[in-house]
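All values derive from a computational prediction rather than experimental measurement.
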Amino acid sequence: MPYCTNCGRKLDDGEVCNCTASAQGAPVQQAPPPQPIPPQQGYGQQPYGGYPQNGQPYPNQPSPYQPNYQFAYDGQALPPPPKPSSKWILAIIIPFVVVTLVLMGIFLAIFVPSLSRYKEKSKQTSINNKASSIYRGANSSLVDLDSDDVDTKGDYIISSDSSKSIAVPYDVEKFYEKEKRYFDKVDELEYFIVIRDGHAVYSAAAESWNDKKVRIGTYPAEYTGSAVAYSPLKYSPKGEKEHIEKNDTLNEIYNDAVEKFKDDIKKRNYKEW
């Protein structure tokens, strides 16, 4: 193989060194471009994705390591990936909803009737308290009348309806005036008061004389074990506890009291009956 006599560079056959050509004014011969290394026969695709040893890819070679996931190893298309299942969510939610509804049903079955009974007992307690206020106001009014030199002794019945008052030994209008001073809402109710020996012993009150739907309050009333469970009682000269029925009216309770009053007490002037 020849070498350049001027610079010592190894030359190919027929090649003229650049240093000599430039010195003589001859054109510089370009080295031929490198030829690609042909693939090895019998080994299919080249190792390392078709890359030769110098790290440059072969022409028209695909990018290395691009597996085709659309086909299985036997050439058949893979099925689409399964959708996430929501059955496990339903398996949790449905029992939870069922248990919640059952508990709510049990709660309502217990709470609603209890609440209803509590409201009814509260209404009864309210009207009983009004009857008690009338009773206490009556005794205070009798003391005031006695201080005014009014003879309040005796056994009689005073009613909000003056026509139902029985054997009152003084002007009943004087009692009404005194009673209103001690219970300002007395005019909103119908009532009657049983007086014995100048002292109130029983009172009954309601919003109407004949309406079966309204509640009747009394004093005294029987305590049944709860602060909102005082049961109204009918008048009894002997202190017997006879309960008022649900559909009794105030007028019926009044008539019952009058009959018992007539049988039990001797009046000073029986003709007034």
Side-chain angles (χ1 to χ4, degrees), residues 120-148 150-224 227-237 239-246 248-262 264-265:
E120 293 299 320
K121 291 177 180 179
S122 297
K123 292 178 181 179
Q124 184 62 57
T125 299
S126 176
I127 192 64
N128 282 346
N129 289 339
K130 292 178 181 179
S132 176
S133 297
I134 292 174
Y135 167 85
R136 300 179 190 281
N139 277 323
S140 298
S141 299
L142 291 171
V143 172
D144 288 350
L145 289 173
D146 187 66
S147 299
D148 294 341
V150 176
D151 184 11
T152 60
K153 301 298 182 180
D155 305 319
Y156 47 94
I157 294 177
I158 297 177
S159 172
S160 58
D161 182 355
S162 58
S163 65
K164 294 181 180 293
S165 296
I166 299 175
V168 181
Y170 50 85
D171 184 2
V172 72
E173 293 296 334
K174 295 181 179 180
F175 176 87
Y176 292 152
E177 293 176 3
K178 300 287 186 181
E179 178 74 12
K180 192 171 183 179
R181 289 172 54 187
Y182 292 102
F183 184 43
D184 57 355
K185 296 182 179 180
V186 68
D187 291 340
E188 299 176 4
L189 300 168
E190 305 293 349
Y191 63 90
F192 70 91
I193 307 165
V194 178
I195 311 294
R196 293 191 61 179
D197 196 22
H199 301 283
V201 296
Y202 177 85
S203 66
E207 295 178 354
S208 171
W209 282 102
N210 298 301
D211 190 347
K212 293 181 177 294
K213 295 182 180 180
V214 300
R215 292 187 171 273
I216 301 173
T218 66
Y219 186 89
E222 183 182 14
Y223 178 69
T224 59
V228 291
Y230 285 87
S231 179
L233 300 173
K234 294 181 179 181
Y235 170 68
S236 174
E240 299 172 350
K241 295 182 179 180
E242 185 179 357
H243 294 269
I244 294 176
E245 300 297 332
K246 183 177 181 180
D248 287 342
T249 64
L250 182 63
N251 192 58
E252 293 171 346
I253 303 303
Y254 167 80
N255 291 332
D256 180 76
V258 169
E259 292 298 324
K260 293 175 181 177
F261 190 81
K262 288 171 59 176
D264 185 69
I265 298 180

Using the salt bridge (Lys or Arg N to Asp or Glu O under 4.0 Å) rule, take Lys262 and Asp155 through it: C-alpha gap first, then chi angles, then the decisive distance, then the call. CA-CA 10 Å; Lys262 288 171 59 176; Asp155 305 319; over 6 Å; no
Between Glu190 and Ser160, is the side-chain hydrogen bond (donor to acceptor under 3.5 Å, both in side chains) condition met? List the steps. CA-CA 6 Å; Glu190 305 293 349; Ser160 58; 2.9 Å; yes
Might you work through the side-chain contact (heavy atoms from CB on, under 4.5 Å) test for Thr152 and Phe175, ending with a clear yes or no? CA-CA 10 Å; Thr152 60; Phe175 176 87; over 6 Å; no
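With sequence neighbours excluded, the residues satisfying side chain to side chain contact (heavy atoms under 4.5 Å, CB included) with Asn255 are Asn251. Applying the side chain to side chain contact (heavy atoms under 4.5 Å, CB included) test to Lys185 and every residue at least two apart in sequence or in another chain returns Phe183, Glu188. Taking the side chain to side chain contact (heavy atoms under 4.5 Å, CB included) definition, one finds that His243 meets it with Glu222, Ser231, Leu233, sequence neighbours left out.
Ring orientation note: the planes of Tyr170 and Tyr156 are nearly perpendicular, at an angle over 60° on the 30°/60° scale. Ring orientation note: the planes of Trp209 and Tyr254 are nearly perpendicular, at an angle over 60° on the 30°/60° scale.
A donor-acceptor pair shorter than 3.5 Å cannot be found between the side chains of Tyr176 and Asp187. Between the side chains of Arg136 and Ser132, at least one donor N or O sits under 3.5 Å from an acceptor N or O. For the residue pair Tyr219 and Tyr230, no side-chain donor N or O sits within less than 3.5 Å of a side-chain acceptor on the partner.
Looking at heavy atoms from C-beta onward, Pro220 lies in side-chain contact with Tyr202 at the 4.5 angstrom threshold. Annotation: side chain of Val168 is in contact with side chain of Ser165 (closest heavy-atom distance under 4.5 Å). A heavy-atom distance below 4.5 Å is not found between the side chains of Lys241 and Ser236.
The two residues Leu145 and Lys174 make their nearest non-hydrogen contact at CD2-CB, 3.9 Å. Of all heavy-atom pairs spanning Leu250 and Ala204, the tightest one is CD1-CB, 3.9 Å. Residues Gly198 and Leu142 share a closest heavy-atom pair of O-CD1, 3.3 Å. Across every non-hydrogen atom of Ala221 and Asn128, the tightest pair is CB-ND2, 4.0 Å. Pairing each heavy atom of Ile127 with each of Gly217, the nearest pair is CG1-N, 3.5 Å. For Ser141 against Glu179, the heavy-atom pair with the smallest separation is OG-N, 3.1 Å.
Note that OH of Tyr235 and CD of Glu240 are 11.0 Å apart. Values are rounded to the nearest 0.5 Å. Separation of atoms CZ (Arg196) and CZ (Phe261) is listed at 7.5 Å; rounding is to 0.5 Å. Annotation: the span from Asn139 atom CG to Ser203 atom OG amounts to 9.5 Å, rounded to 0.5 Å. Note that the CD1 atom of Ile253 and the NZ atom of Lys234 stand 5.0 Å from one another [nearest 0.5 Å]. The distance from atom CG of Asp171 to atom CD of Glu173, rounded to the nearest 0.5 Å, is 6.0 Å. The CD1 atom of Ile193 lies 6.5 Å from the CD1 atom of Ile134; values are rounded to the nearest 0.5 Å.
Between Lys178 and Asp148 a salt bridge is recorded (basic side-chain N to carboxylate O distance below 4.0 Å). Salt bridge status for Lys260 with Glu242: present, with a side-chain N to carboxylate O gap under 4.0 Å. Salt bridge absent: Asp184 and Lys180 never bring a charged side-chain N and a carboxylate O closer than 4.0 Å. Taking a cutoff of 4.0 Å between a charged side-chain nitrogen and a carboxylate oxygen, Asp248 and Arg215 do not qualify as a salt bridge. Taking a cutoff of 4.0 Å between a charged side-chain nitrogen and a carboxylate oxygen, Glu252 and Lys212 qualify as a salt bridge.
By the neighbour-count criterion of 12 heavy atoms within 6.0 Å, atom NZ of Lys164 is densely surrounded, having more than that number from other residues, nucleotides or ligands.
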